[in-house]
Amino acid sequence: MTDDLPAVGSAAALVAHPILLYDGVCGLCNRLVQFILRRDPGGVFRFAALQSELAGRILARHRADARDLDTVYVVVDFELPEEQLLPRSDAVIFILRQLGAAELRSARTGGAPVPTQAESTPGTSFWRLMGRLLQLVPRPLRDWGYGIVARNRYRVFGRYNTCPLPTEETRRRFLDL
């Protein structure tokens, strides 16, 4: 692979829950969150709106502009020394490659999170394959396509006046509530 994204199933990808930072009022971004929730039965992913204080602190740590709502990010290894912030197409690839691939569970001793294989939900193998194929496209070309979608997302997918609230079943996965 040409990119240095954390490998599916690697300790870097699984030790901590990856956090999706998304534009909370964007229709497309909220659809992405729902897409992940449906395909992440192990509850690996966590979520926070870019408009939240948590996202602001994370982005400041990585010298990213919190006012740039055109970018979706994935935070890997949150608050660990090796924390990574994956922007734009790298974030999308990470999400696709992680879907249904693994879940965290408490170890029998010590309660530390350990990676285990999750039961795949229908279609997750397809999305993991799409992530692998997308990773073969050079980053500048991927990010160019990402930019076109990002610039037109409000017009095509709409915009909310406020961030939609999660359901009771998924509320624990949203870190900014």
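Numbers here simply count residues along the sequence, with the first being 1.
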Under 3.5 Å, is there a donor-acceptor pair between the Glu83 and His62 side chains?
-> yes
Among Ile95, Val72, Val76, Leu21, which residue meets the side-chain contact (heavy atoms from CB on, under 4.5 Å) test with Leu86?
-> Val76
Determine yes or no for a side-chain-to-main-chain donor-acceptor pair under 3.5 angstrom, with His17 supplying the side chain and Phe45 the backbone.
-> no
side-chain contact (heavy atoms from CB on, under 4.5 Å) between Arg97 and Gln135: does it pass, once the steps are laid out?
-> CA-CA 10 Å; Arg97 293 194 59 206; Gln135 193 169 7; 2.8 Å; yes
Minimum heavy-atom distance Gly56-Ala66, with the two atoms named | CA-CB, 4.3 Å
Residue pair Ile19 / Tyr73, side-chain heavy-atom distance below 4.5 Å | no
Determine whether the side chains of Gln98 and Asp40 contain a donor N or O and an acceptor N or O closer than 3.5 Å.
-> no
Working to the nearest 0.5 Å, report the span between CG of Leu37 and CG of Leu20.
-> 9.5 Å
Leu59 and Leu50: which non-hydrogen atoms are nearest, and at how many Å?
-> CD1-CD2, 3.8 Å
So, for Gly131 and Ile93, which heavy atoms are closest and what is the spacing to 0.1 Å?
-> O-CG2, 3.7 Å
Work out which heavy atom in Leu85 is nearest to a heavy atom in Ala64; give both atom names and the distance.
-> CD2-CB, 4.1 Å
Main-chain N/O of Ile148 paired with Asn152 side-chain donor or acceptor, under 3.5 Å | yes
Ala49 backbone acceptor or donor facing Ser52 side chain under 3.5 Å | yes
The reported gap from CZ in Phe126 to CG in Leu96 (rounded to nearest 0.5 angstrom) is 9.5 Å
Shortest non-hydrogen contact from Ser89 toward Tyr146 = N-CD1, 4.0 Å
Does Arg39 use its side chain to pair, donor to acceptor, with the backbone of Phe35 at less than 3.5 Å?
-> yes
From CG (Asp68) to CG (Asp23), nearest 0.5 Å = 10.0 Å
For side-chain contact (heavy atoms from CB on, under 4.5 Å), just list the numbers for Phe78 and Ile58, CA-CA rounded to whole Å, side-chain angles, deciding distance to a tenth of an Å, and then say yes or no.
-> CA-CA 9 Å; Phe78 175 61; Ile58 293 168; 3.6 Å; yes
Donor on one side chain, acceptor on other, Thr170 and Arg173, under 3.5 Å | no
Of all the heavy-atom pairs spanning Arg46 and Leu175, show the shortest one and how long it is.
-> CB-CD1, 3.8 Å
For the pair Arg57 and Glu79, evaluate side-chain contact (heavy atoms from CB on, under 4.5 Å) and give the outcome as yes or no after the intermediate values.
-> CA-CA 11 Å; Arg57 288 192 311 271; Glu79 293 190 331; 5.9 Å; no
Would a 4.5 Å heavy-atom cut-off, applied to side chains only, mark Arg142 and Asp90 as touching?
-> yes
Is any side-chain heavy atom of Tyr22 less than 4.5 Å from a side-chain heavy atom of Asn30?
-> yes
